[in-house]
S.K.: 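If you scroll down you'll find the structure; I have some questions about it.
Below, chains carry the letters A, B, ... as their sequence lines are ordered, and counting in each starts from 1.
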There are 2 protein chains.
Amino acid sequence: MNSRPRPLRPRYRSHPAAIIAASFAAVIAAGTGLLMLPIAKEGPGGATFLEALFTATSAVCVTGHIIVDTPVFWAPFGHAIILLLIQIGGIGVMSIATLLGLLVARRLGLRTRLTAVSETHTVGLGDVRRVITRVVLIALVVETVVALLLTARWWLGYDYGFAHALWHGVFHAVSSFNNAGFALYSDSLMGFVADPWITLPISGAVILGGLGFSVILELLRRYRLPRLWTLTTTTVLVGTGVLLIGGTVAITALEWDNPGTLGALEPQERLLAGFVAAVMPRTAGFNNLDISAMHPTTWLLHDVLMFIGAGPASTAGGLKITTFAVLFFIVLTELRGGTAVNMFGKRLPRSVHREAITIALVSVALVVASTAFIMLISDHGLDRILFEVISAFATVGLSTGITASLPEAAQAVLILLMFIGRLGPVALGSALALRREQRLYELPKERPVIG
Amino acid sequence: MNSRPRPLRPRYRSHPAAIIAASFAAVIAAGTGLLMLPIAKEGPGGATFLEALFTATSAVCVTGHIIVDTPVFWAPFGHAIILLLIQIGGIGVMSIATLLGLLVARRLGLRTRLTAVSETHTVGLGDVRRVITRVVLIALVVETVVALLLTARWWLGYDYGFAHALWHGVFHAVSSFNNAGFALYSDSLMGFVADPWITLPISGAVILGGLGFSVILELLRRYRLPRLWTLTTTTVLVGTGVLLIGGTVAITALEWDNPGTLGALEPQERLLAGFVAAVMPRTAGFNNLDISAMHPTTWLLHDVLMFIGAGPASTAGGLKITTFAVLFFIVLTELRGGTAVNMFGKRLPRSVHREAITIALVSVALVVASTAFIMLISDHGLDRILFEVISAFATVGLSTGITASLPEAAQAVLILLMFIGRLGPVALGSALALRREQRLYELPKERPVIG
Ligand SMILES: [K+]
Ligand SMILES: [K+]
């Protein structure tokens, strides 16, 4: 099943993952160095190594977790470095995930939007250039449009000078399309909770970034022909719709009367705020409401939304909608008593079942182990620490407000989680698909009693 | 795959599950009625409907969750009713799970200890009699031995009169073999934490009850021939060993210095106490340590142990070791790049992969939804409520001490969870294995990008 001649395998076995991890680590190291320069920080002296490393990792992994207050702690040079790291990280992860998906598709002989014309079984320099060019183009177009909308609003609707409005517009447009969640306001977007001219363009950029490159490309080319869409596109679009609508309804209902969040707003503003609050856990990380004031049940809902995340080859993190959808349809098929797992009119290969299970269970194990470790060395309850861990792993960046006060060992775990969470599912998903071996013999079959 | 001629299916489709659920409900209803009699309760008046229903459900589902203090609230008649309900529930669930496993094995043509001589494709009255007789026999033998040991200790080592010691011996022997967790002491086994003559016989009964009927039977007949053991037996024995050793080490390490738990004991008593504490979450529900004083990280460890549970067709609850092992070996196979999932020298049929993931995900969904609901209507944090919910679903009965003070709606959810958790995985596991349909056509295959 999906086996290939042996001589070809070793080339793809560990190299791509190692190269990708090393590249990300190098960018993070450079960013850490730059952020430690005194010019990057407000006031006298420079940032500590941990402050700079945490911030650089958070930016490159487009997470948005912070242990220092972005607008207050960092100087304009620091903000520019953060912006650059976000842009490199976002474009990097979209390109890498797209190229790995392309490699898998070609080696397994699958149809995707990008492989339709290709006859080779590998990914060459030409593909790399083509993918990166298109990713950059899409990023720049979306970011420019959103930056213009935000600039106009901050310039005309608030007291900002044009240059100030432009800078804020550019920063938040880049931060939102890349699902980075860094903001130039100490309270993130809470000051704009009732202003749709700020929160809706940002939400739009977040959602587009979370759809992922191949989905955006397919929508641009075949938006009128949904029957020709790949399974990935259909799944991501349906899943995004379900999670946005479900999330909006649930958050609005759970927080409606909470004076610390929606309860403080006019009733007609609550639906807007609830919608934006449902956009952010998947996995942008801006917050328009005070997360620390939310009901713990809403935190649990956030945990679920954050863990699922958005589309593959996108700027969002998490398990990805497709992984979750595969699991969902396996369960649905079993409960209905079917044999083949079908999803939106396509049959899933059996290998995908196990890959999805593997990614999900490895992620759960990592989250549980990290949560247990941080609980052991800090005084917070499971509510807040699970939220913090899932937020880092899914590169969301939301927090119940405990990040800065966690012990340094816990912050180091969060740094690792951001890095693993950013590259792990992508690398694992493609590695599993590429590494399939042919067994030369099979053991006798036996079924244990389960359940 | 595993398909059978259509005319045979409907007979097995919903009837067994409905009959089983109805039988359990009938026993619970009768138990509730008896427990509401004034004679069942100490002092004037009778128990309320909720108190009686909760206790009867907890006893029949061999959970041990309580909202009233067993020794103080109930009179001797009440204790006798509880003991009877535990015995009926424990023997019932072992017999039913064994018979369903037998039905699955015969219909799918599998080898198990009990089917070796059979040529039929169904389970008849003779099988029912034979299984129940053997289950009762094993239960009585184990319970008698443990009861004698406990009686001797309480009679000779403590100030108890013989009749009193005998009654306590019988009650706790039945409660422990059936993994019920009901105790005649307000602090469960905490008063005997340093007495191995009490805690070890109880632990032994708990472990034997958690191995399950078919494993005990196979051990009795082929204990010298591990090569001939069924996959279920090997998996349950290895899994039990791993979970007991790992649990003992982890709990002992986590609680070593905690003055509320192990820290109050002599160092040499701590390992005994740590071992017994590791036996109980799987899923006996006695406690020799103060659960409410444990570190929240230990609670999280309990959540994992409780959710996994012990063997299938046993008196324990949870997902079952076999279900968890199937998932574990799927992940291991994927990470190693293999195609066939092998477990202890046997190859797992693909249908089992999907059944295991279905049982796991449906259970996770139920636990998360119940946790969210109870969090919404009560004031406790995720730590305690998740513990409470998993404990009820896995029919463990341990608690961080909040059960009695939860709102009535939350207690009703716990009743439902005990019932679903007791019968759900068993019924789902066998229903999935029996309900497989042959697809007449297949959709085109397509692989989404995951991870
Ligand atoms: K983010
Ligand atoms: K129990």
S.K.: Just so I understand: if I count every heavy-atom pair under 4.5 Å between each of Val331(B), Leu332(B), Thr234(B) and chain A, which residue has the most?
M.R.: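 Max contact count across the listed options: Val331(B).
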S.K.: Name the region of Val368(A), side chain, backbone, both or neither, that has any atom closer than 4.5 Å to a heavy atom of chain B.
M.R.: both
S.K.: For the NE2 atom of His353(B) and the CD1 atom of Ile357(A), what is their distance to the nearest 0.5 Å?
M.R.: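 One finds 8.0 Å between NE2 of His353(B) and CD1 of Ile357(A).
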S.K.: Calculate, to the nearest 0.5 Å, the distance between atoms CD1 and CG belonging to Ile385(A) and Leu382(B) respectively.
M.R.: 11.0 Å
S.K.: What pair of heavy atoms forms the shortest contact from Ile330(A) to Arg354(B), and how long is it?
M.R.: CG2-CG, 3.5 Å
S.K.: Mind ranking Leu386(B), Leu327(B), Val362(B) by heavy-atom pairs under 4.5 Å with chain A and telling me who comes out on top?
M.R.: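 Of the candidates given, the most pairs with chain A belong to Leu327(B).
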S.K.: Does a sphere of radius 6.0 Å around CZ in Phe344(B) hold more than 12 heavy atoms from other residues, nucleotides or ligands, not counting ones at 6.0 Å or beyond?
M.R.: yes
S.K.: Report the distance from atom CG of Leu361(B) to atom CZ of Phe324(A), rounding to the nearest 0.5 Å.
M.R.: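 The CG atom of Leu361(B) sits 8.0 Å away from the CZ atom of Phe324(A).
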S.K.: Heavy-atom distance under 4.5 Å to chain B: side chain of Ile321(A), backbone, both or neither?
M.R.: neither
S.K.: For the side chain of Asp383(B) and the backbone of Gly381(A), is there at least one donor-acceptor N/O pair under 3.5 Å apart?
M.R.: no
S.K.: If every non-hydrogen atom of Met375(A) is compared with every non-hydrogen atom of His295(B), which pair is closest and at what distance?
M.R.: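 Shortest heavy-atom separation between Met375(A) and His295(B) comes out as O-CE1, 3.3 Å.
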S.K.: Quick one, Leu376(A) with Leu254(B), criterion side chain to side chain contact (heavy atoms under 4.5 Å, CB included). Give me CA distance, side-chain angles, the key distance, then yes/no.
M.R.: CA-CA 9 Å; Leu376(A) 206 54; Leu254(B) 285 167; 3.3 Å; yes
